[in-house]
Peer 1: 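Here it is, the structure in full.
In what follows, chains carry the letters A, B, and so on, assigned in the order in which the sequence lines appear, proteins first and then strands, with residues in each chain numbered from 1. Because the structure is a prediction, the values reported are computed rather than measured. Values reported hereafter were calculated over all heavy atoms of this structure, with side chains retained and with hydrogens, waters and symmetry mates removed.
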Protein chains: 2
Amino acid sequence: MLTTSLPGSRNIYAMPTIKDVAKAARCSTATVSRTLASPEKVTEATRERVSRAIAEVGYAPNVAARNLRRAESKTIVALLPDISNPFFSEIINGMEEVAHQAGYQVLIGDCEHDPARAEAYFRLLPTNQADGVLLLTAEVPVSLVQQASAQTNFPLVMACEFFADIDLPTITIDNYQAARHAIDYLVSLGHRRIVTLSGPAANPICIERVRGYHDTLAAHGLSDAIHVAEGDFGFRSGYLQGLTLLAPSNTRPTAIFCHSDEMAIGVLKAARQLDIPVPEKLSVIGFDNIGFSEYCEPELTTISQPRTQIGQQAMRLLISLIKNEPAVRHQTLSTQLIVRQSTGKIQS
Amino acid sequence: MLTTSLPGSRNIYAMPTIKDVAKAARCSTATVSRTLASPEKVTEATRERVSRAIAEVGYAPNVAARNLRRAESKTIVALLPDISNPFFSEIINGMEEVAHQAGYQVLIGDCEHDPARAEAYFRLLPTNQADGVLLLTAEVPVSLVQQASAQTNFPLVMACEFFADIDLPTITIDNYQAARHAIDYLVSLGHRRIVTLSGPAANPICIERVRGYHDTLAAHGLSDAIHVAEGDFGFRSGYLQGLTLLAPSNTRPTAIFCHSDEMAIGVLKAARQLDIPVPEKLSVIGFDNIGFSEYCEPELTTISQPRTQIGQQAMRLLISLIKNEPAVRHQTLSTQLIVRQSTGKIQS
DNA sequence: CTTATCGGTGTAATGCTTTACATTAAAATA
DNA sequence: TATTTTAATGTAAAGCATTACACCGATAAG
């Protein structure tokens, strides 16, 4: 068989290898490698000779070979539940910033609530395609996480979310306190019928927030008014639940505490549709402080999370674990209630 | 909570090699490799024996070794200008879907308008860390792209955006026609003072849209009313430009055609602040049809791009290029004007 | 003046898979 | 039956960088 380009044949303009550099610098490949990996082990003169040779032949290390030999990949997998949620973009920025600085790449894995995908991404670790996993969702098979956390050499950090029954290194906020803060604020405005529009009920962060809601109402003697509705964090579920919750009734809530800004914005739309003025007749609080929350009508009161910081700290922690450096395994970052125009004193 | 074990997930974190499989299946490593890479080259019996052995020892190929040997990485770099722009999330989904199906990973590179970052990502190709580049922004050093496109073996596809003077394989929409459509619609509603709020003036897609705006106004004899303002696609620039454009004046525009939904939503906020009712006194058209456009007030009339499809087709094209398969180098996908509540007949 | 020490460098093994080429067994042909 | 073809498998050489170990000359210590 005569073919101009053989199947599997490589680049005709073959990249130079470390051998070519060694030849050009009249030294061994070991010396070249050392010049790159630990320059202090090499004479000033050699270093210069090798550097010149590298420039001369246009050498760049073959990363696959390096990865193979070092049994690492300098890649970190970040697992998200849903990349289209704008909440994550700043977290990603924070992560990438720290990762790049430390010479790592970030492979973003959108799980789309599909366990098979999550497993595929986890599998990148044992096959040396990734050095660590940054988990931004609890919606992955628990067994996977348990196996991983049981392994000593499986660097895994959780951010934002967490598992109630698995102790992973975690960067998180205090969801309980954040909820207490929000509800306290609503009560202080005079609200008595306050509904929580939660994310998926099984989600640990939602459970925490609901607990905060619960306890705060109880502390004010409002336990009778407890009412938790469930959404999925998205616009649409907020809108639909809003229509239901705000339907005419003599126990219609005067305030809704939403577990995401998207849902809160959905509720605002429902309120508009039902001609319920916000904040005059209804107060709405969101969660996350996404970009939109300043541009909706009315501007949204919400709980802000330090997203960039979450991403940075989570990545720092993960890299420490990868390098087996000592690190604080748990960090709770602070949130902030940002009061805008979607909340106000109760009027009757 | 019940922890279910996934099918075939016994000890996925300890990695046997192909040798272990060969031993267990009593054959050579070559046969194992062939069983995986080209099963038809192997007896039914062997195939089964090997498959059983693989399952038995829990083998998964070491990808770094494979990559090294095959001189490929099965990784594709997708370069975005800004990951926090929700416009890209569906495109990413489309890309990933096709990529995964073909056995590729997608490495998302946020350039953040930083040429150095873009260059770093481009460099992944010659070092075998990536097999192709999917470019979703024209904000990268032109020299890089020119060098790359000059190489015969540099698979590079552009999506959404393009370069006026470099002929790259491209998946795009007809920005000119989309703009014409939008402006025609506004004129048909009676608008005469129509402003375009463009993205960065140097951006080729914006130039096309401005050209469509221009020509449409000219076609209606409205050339005198041409007025192009410049933003950066973000909320804030829309808001600020909105405040300027809508300042009291006897030539205040009655319609604004924005090159992104975010800017359009910013304009809506400015209009609210200036007590200009939309659509009664001002019509606003956005571009992209992001999720939020249905939840703002009023719901936004906008031009929808087939984002998932753009991602899919771009990835298909790129993979064809990588595999040296024949492929259509240019595709223009169709847009749709989605009329909601931010546009209406001119009233005065 | 030896001997131990040490910094700098080279040699060669190693990581794991793929695949060209060699070999063998089986089937097809003469 | 002998010979050619074909199919299936095995052997071993890449692919490229890293690094344990060996080596050498030079300096420090005795």
Peer 1: Is atom NZ of A/K23 surrounded by more than 12 heavy atoms (other residues, nucleotides or ligands) closer than 6.0 Å?
Peer 2: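 Open: at most 12 neighbouring heavy atoms sit under 6.0 Å from NZ of A/K23.
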Peer 1: Side chains of B/S73 and B/D131: is there a donor and an acceptor less than 3.5 Å apart?
Peer 2: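 There is such a pair (donor and acceptor under 3.5 Å, judged by atom type) between the side chains of B/S73 and B/D131.
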Peer 1: Please determine whether any donor N or O and acceptor N or O are separated by less than 3.5 Å between the side chain of A/R69 and the base of D/dT18.
Peer 2: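 Such a pair exists between side chain and base.
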Peer 1: Any side-chain N or O of A/T43 less than 4.0 Å from the OP1 or OP2 oxygen of C/dT9?
Peer 2: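 Yes, within the criterion.
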Peer 1: Round to the nearest Å and state the distance from A/M15 atom CE to D/dG15 atom C1'.
Peer 2: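 It is 14 Å, rounded to the nearest whole Å.
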Peer 1: Starting at the 5' end of DNA chain D and moving along, which residue's nearest nucleotide shows up first, B/T29 or A/A65?
Peer 2: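 Its nearest nucleotide lies further toward 5', so the answer is B/T29.
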Peer 1: Less than 4.0 Å between a side-chain N and a carboxylate O, is that true for A/R329 and A/D167?
Peer 2: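 Yes, A/D167 and A/R329 are salt-bridged.
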Peer 1: What is the distance, rounded to the nearest whole Å, between atom NZ of B/K41 and atom C1' of C/dC21?
Peer 2: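 Value for this atom pair: 13 Å.
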Peer 1: Looking at every strand, decide which applies to A/V63 at a 4.0 Å heavy-atom threshold: base, sugar-phosphate, or nothing.
Peer 2: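 It contacts nothing in the nucleic acid.
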Peer 1: Roughly how many Å is it from CG in B/L68 to C1' in D/dG15, rounded to a whole number?
Peer 2: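 From B/L68 CG to D/dG15 C1': 4 Å.
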Peer 1: Output the rounded distance in Å from CD (A/E44) to P (C/dG7).
Peer 2: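 Those two atoms, CD and P, are 17 Å apart.
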Peer 1: May I ask you to verify if any side-chain N or O of A/T46 is less than 4.0 angstrom from the OP1 or OP2 atom of C/dG8?
Peer 2: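 Negative; the distance criterion is not met.
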Peer 1: Side chain of A/R34: nearest nucleotide among D/dA17, D/dG10, C/dT9?
Peer 2: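 The nucleotide sitting nearest to the side chain is C/dT9.
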Peer 1: Return the value, rounded to whole Å, for the distance between atom CD1 of A/I54 and atom P of D/dA17.
Peer 2: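 After rounding, the reported distance stands at 10 Å.
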Peer 1: Does the side chain of B/Q129 pick up a donor-acceptor pair with the side chain of B/T127 at under 3.5 Å?
Peer 2: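 Judged by distance alone, the side chains do pair up.
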Peer 1: Under 4.0 Å, counting only non-hydrogen atoms across every strand here, what does A/V32 touch: a base, just sugar-phosphate, or nothing?
Peer 2: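 No contact at all - A/V32 keeps every heavy atom at 4.0 Å or more from the nucleic acid.
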Peer 1: Using distance alone, with no hydrogens and no angle criterion, decide if B/E72 and B/N128 have a side-chain donor and acceptor under 3.5 Å apart.
Peer 2: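 Distance-only check fails for B/E72 and B/N128.
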Peer 1: Quick check: any donor-acceptor pair below 3.5 Å linking the side-chain of A/R47 to the base of C/dG8?
Peer 2: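 It does not, because no donor-acceptor pair links the side chain of A/R47 to the base of C/dG8 below 3.5 Å.
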Peer 1: What is the nucleic acid contact for A/T31, judged by heavy atoms within less than 4.0 Å: base, sugar-phosphate only, or nothing?
Peer 2: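 It contacts sugar-phosphate atoms only.
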